Every structure is written in C-alpha cells, then in structure tokens.
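One structure below.
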2 protein chains.
Amino acid sequence: MPMQMSGPLAALDKWQPDRCSMAMALDVVGTKSAMLLLREAFYGTTRFDGFVRRVGITEAVAAKRLKELVEHGLLEKRPYREPGSRTRYEYVLTEMGNALLPVVVALMQWGDTYLRDDGGPLRVVAAETGEPVSVRVAPSGAESLGPEGLAVRINRKG
Amino acid sequence: MPMQMSGPLAALDKWQPDRCSMAMALDVVGTKSAMLLLREAFYGTTRFDGFVRRVGITEAVAAKRLKELVEHGLLEKRPYREPGSRTRYEYVLTEMGNALLPVVVALMQWGDTYLRDDGGPLRVVAAETGEPVSVRVAPSGAESLGPEGLAVRINRKG
DNA sequence: CCGTATCCTGATAGATACTG
DNA sequence: CAGTATCTATCAGGATACGG
C-alpha cells in the first residue's frame, strides 16, 4: 500500500481515520496482557490459575483482562466440574476470539525472525502434516503479497 | 493436576513462556500508538505532520513513538529535499517494519468483521487485480488452517 | 483453586505552549 | 514543517493480603 501521497492511495488523504477498525480492535486487544492471554488460550490454557502462571501476570490483572475479554465476546466462561469438586469455570475461545489467531501467530513469527538469533523457542505447524505454517496476506488462491502489491480502497457507505 | 490442554498443545505444559517472541514483539509494538503509526506508514504517510494529524495523537507521543520505532529498526529516518526547501526527514518502513503488515491487516479485518456492522470503511485489495485480500495461516501452498488444524512444537536449542 | 480488594509505581497519552 | 518541553490525567500492571 505504498503511496507517497501521489500513488494509488492519494484518495486516503481526505479520509478521516479517527475510529478505524484497527483502533477499535486495539481498544479490545491493545494491551500486552490481553494479547498474551489470547496466546495462552490458543495454546489451550483454560483455567484462571494457568493463565496467571503461564502468562506471568498477577491475579488482579488476569481477572480484569479475562473479564473484559469475556464481555467483549472473545472468551466464553463456561462451567465444568471435575469429579469430587464443586463447579468451576473455564475460559474458552469463541469464534470471535479464534479469529485473532493470525494476529497472534504473525506477532510470534515476527518476533522469532527479527528480535532473536535462535529463530525462536517454538514453531507453529500443521497438525496433520507437521509442516511449518506462515502468515500470509493474499487474495484467495494467490501468492502472498507484500506492501507493494496491495492497495486500499474506500468503501462506499450505504 | 494436569491443566487440560485441549488446544494445539499439550507438550507446552512444561515450557516456560516468560520471554516468548510475542512478548518481545509486544515490547516493541505493544502500544496503540505504535500500531496506529505502523498502519499509517503502510498507508504511505512519511512525514511527522501526517502521522500526527492522521493518527490523531499529540506531537509529543508521535515524536516519542517514532523515535522508538526508528531505534528498533522498523522505520528508517531518511533525508529528502523538495526543490526550494531545506533538507527534511521522512520516516519509511524498513523490511523489518514491512514484515508486520500481516498483523496490521489482520487487526483491521478482525475489527471490520466483529466490531462493526458496516463491514468497515476500507478494504485492502491486490493492487493489480483489485481482488480483496485476506490474512491466512497455512503451510506454503495449502489451505488456510484454524486453531484445530495447528500444533505447536518446541524447538531444540542449538 | 478462583478469584476480590487495596495500594502503589510507572507508562501512555492528552493539552498547551514554545523553538528552529 | 518538525519537533521539544511541561504539566497532568488516566491506565496498565505489580505487590500484597484476604475470602469462597
């Protein structure tokens, strides 16, 4: 999406980005703790204690963030019970929460590539084949595109 | 005592995620202003004034964030001069910065889908064909995978 | 286990004014 | 146009203690 204010995006110069979708998204998941909790949920953690311990945040922060994520619809708080214990609750990703998977994986892989020497401690692979996966931006069925291959259009309202 | 790991991962129960790549990435781009500045850089904005105006932040915040992004290597501050003016500087995405494009696009499209009714004010398309693009997580040449189709492996450390 | 309740520190960021 | 300098309010998040 390059435009030196003369390219294909000159139209955007007039567009007011004040409350763009990304800003709205960041109001929901724009904190480190929210993103790290989502990462942990993708890993399969469901219990309060697990989130606290594995993300490395305090109970207070975990409680607040988890509550927000539930309220915003990214996590569902559902009852479960182990034999012999009373009912407890677990936090499970909703479809809305699952839809953030590309963001999480992209951030992980970007960190692996640019912020460390060892390539990172983990790799994400296809469950069936074991092939490493990557995050790509592309039209369906086409090759991955970089910034130069992309453009942004303004949607007509109504 | 096994925390149930229904997700892509059971092996990770022992792994200490304290300084994972995502946490490191969030130390660089984990603020709203940093992400919004990157969005704006993808749109083609290069000048201080443009960032301030179009992101809607104060000069102080913009100056601090831009400096950090330059120091971390996501933006390059390069001199330019218009005819008849003195030398000024513009902020241009480096390869490292460009590599965050999937994160930006994924956040935008997630917001479009889940946080608004109108589908969002903008759409990202392939520059050549005009086809809408999407962000996918997949092995090379394969279909997009959701959380169920993924697994996480621990890398052996050299 | 699963949280709540307080207190406290530092970071984020707005408002405003000023400089080369 | 491209910042710097303050001053302030709000938020993120750690520490600690406590209750079901």
Side-chain angles (χ1 to χ4, degrees), chain A residues 4-5 13 18-19 22-23 26-41 45-72 75-92, chain B residues 1-4 13 18-19 22-23 26-41 45-72 75-92:
Chain A
Q4 282 68 22
M5 284 303 176
D13 199 11
D18 50 352
R19 295 312 294 164
M22 215 184 98
L26 292 173
D27 285 338
V28 178
V29 294
T31 65
K32 289 180 195 177
S33 53
M35 290 294 308
L36 292 173
L37 286 169
L38 284 175
R39 175 207 70 187
E40 211 41 50
T45 300
T46 59
R47 313 244 273 249
F48 186 83
D49 188 52
F51 285 113
V52 169
R53 187 165 36 85
R54 295 177 50 82
V55 173
I57 56 180
T58 62
E59 292 95 334
V61 172
K64 182 175 184 183
R65 252 351 126 237
L66 286 171
K67 179 178 286 190
E68 288 174 7
L69 291 174
V70 168
E71 286 168 357
H72 283 118
L75 293 175
E76 186 187 351
K77 190 176 183 176
R78 63 167 71 148
Y80 73 97
R81 54 183 315 155
E82 287 171 349
S85 309
R86 73 170 201 279
T87 298
R88 296 187 189 285
Y89 291 91
E90 60 182 353
Y91 299 89
V92 182
Chain B
M1 185 133 350
M3 152 165 38
Q4 72 273 36
D13 199 10
D18 51 352
R19 296 311 295 164
M22 214 183 100
L26 291 174
D27 285 338
V28 178
V29 293
T31 65
K32 290 180 195 177
S33 52
M35 289 294 309
L36 292 173
L37 286 169
L38 284 175
R39 174 207 71 187
E40 210 42 51
T45 300
T46 59
R47 313 244 274 251
F48 186 84
D49 187 53
F51 285 113
V52 169
R53 187 167 35 86
R54 295 176 51 81
V55 174
I57 56 181
T58 61
E59 290 96 333
V61 173
K64 181 174 184 184
R65 240 10 112 229
L66 286 172
K67 179 177 288 191
E68 287 174 7
L69 291 173
V70 169
E71 285 169 358
H72 283 119
L75 293 176
E76 187 187 351
K77 190 175 182 176
R78 63 166 71 147
Y80 73 97
R81 52 184 315 155
E82 288 170 349
S85 309
R86 73 170 200 278
T87 298
R88 296 186 188 285
Y89 292 91
E90 59 182 354
Y91 298 89
V92 183

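Keep in mind that this is a model prediction, so the values were computed, not measured.
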Problem set entry | Nearest-angstrom distance from the residue atom CG of L37(A) to P of dA12(D) | 13 Å
Seminar exercise, completed: CG (L75(A)) and CG (L37(A)) are apart, to the nearest 0.5 Å, by 8.0 Å
Problem set entry | Pairwise P distance, dA17(D) and dC2(C) [rounded to whole Å] | 22 Å
Seminar exercise, completed: To the nearest angstrom, the CD1-C1' distance between I57(B) and dG14(C) comes to 11 Å
For this session: Nearest whole angstrom, please: distance from the P of dA12(D) to the CE of M35(A).
Result: 15 Å
Exercise. For dT4(C), does either OP1 or OP2 sit under 4.0 Å from a side-chain N or O belonging to K67(A)?
Worked result: yes
For this session: Check whether any side-chain N or O of S33(B) sits under 4.0 Å from OP1 or OP2 of dA13(C), and answer yes or no.
Result: yes
Exercise. Given atom CD of E59(A) and atom C1' of dT4(C), what is their separation to the nearest angstrom?
Worked result: 10 Å
For this session: Calculate, to the nearest 0.5 Å, the distance between atoms CE and CD belonging to M22(B) and E40(A) respectively.
Result: 9.5 Å
For this session: Starting at OG1 of T46(B), measure out to OH of Y89(B) and round the result to the nearest 0.5 Å.
Result: 14.5 Å
Exercise. Nearest of dG14(D), dC1(D), dT12(C) to any side-chain atom of T31(B)?
Worked result: dT12(C)
Seminar exercise, completed: Ranking dC1(D), dT4(C), dG3(D) by distance to the side chain of A63(A), first place goes to dT4(C)
Exercise. Is the phosphate of dG20(D), meaning OP1 or OP2, less than 4.0 Å from a side-chain N or O of Y89(A)?
Worked result: no
For this session: Please report the shortest heavy-atom distance between L66(A) and F48(A), naming the atom on each side.
Result: CD1-CD1, 3.8 Å
Exercise. Looking across every strand, which nucleic acid part, if any, lies under 4.0 Å from A62(B) by heavy atom: base, sugar-phosphate, or nothing?
Worked result: nothing
For this session: For T58(B), answer base if it contacts any base atom (sugar-phosphate contacts may also be present), sugar-phosphate if it contacts only those atoms, and nothing otherwise; contact means non-hydrogen atoms under 4.0 Å.
Result: base
Seminar exercise, completed: Between V52(A) and I57(A) the two heavy atoms that sit nearest each other are CG1-O, 3.2 Å
Exercise. OP1 or OP2 of dA12(D) less than 4.0 angstrom from a side-chain nitrogen or oxygen of K64(A), does that happen here?
Worked result: yes
Exercise. Are any of Y91(A)'s side-chain N or O atoms less than 4.0 Å away from OP1 or OP2 of dG3(C)?
Worked result: yes
For this session: Specify the separation, in whole Å, of atom CZ of R65(A) and atom C1' of dG14(D).
Result: 13 Å
Exercise. Which residue lies toward the 5' end of DNA chain D, E68(A) or R88(A), if each is placed at its nearest nucleotide?
Worked result: E68(A)
Exercise. Starting at CG of L26(A) and ending at C1' of dA13(C), how long is that distance when rounded to a whole Å?
Worked result: 14 Å
Problem set entry | Closest non-hydrogen atom pair, S33(B) against R65(B) | OG-NE, 2.9 Å
Problem set entry | Candidates dC2(C), dC1(D), dA13(C) - which lies nearest the side chain of V61(B) | dA13(C)
Seminar exercise, completed: Out of dC2(C), dA5(C), dG13(D), minimum distance to the side chain of F48(A) belongs to dC2(C)
Problem set entry | L69(B) CG - dG3(D) P separation (whole Å) | 13 Å
Problem set entry | Under 4.0 angstrom between K77(B) side-chain N/O and dG3(D) OP1 or OP2 | yes
For this session: Nearest whole angstrom, please: distance from the P of dA2(D) to the CZ of R86(B).
Result: 9 Å
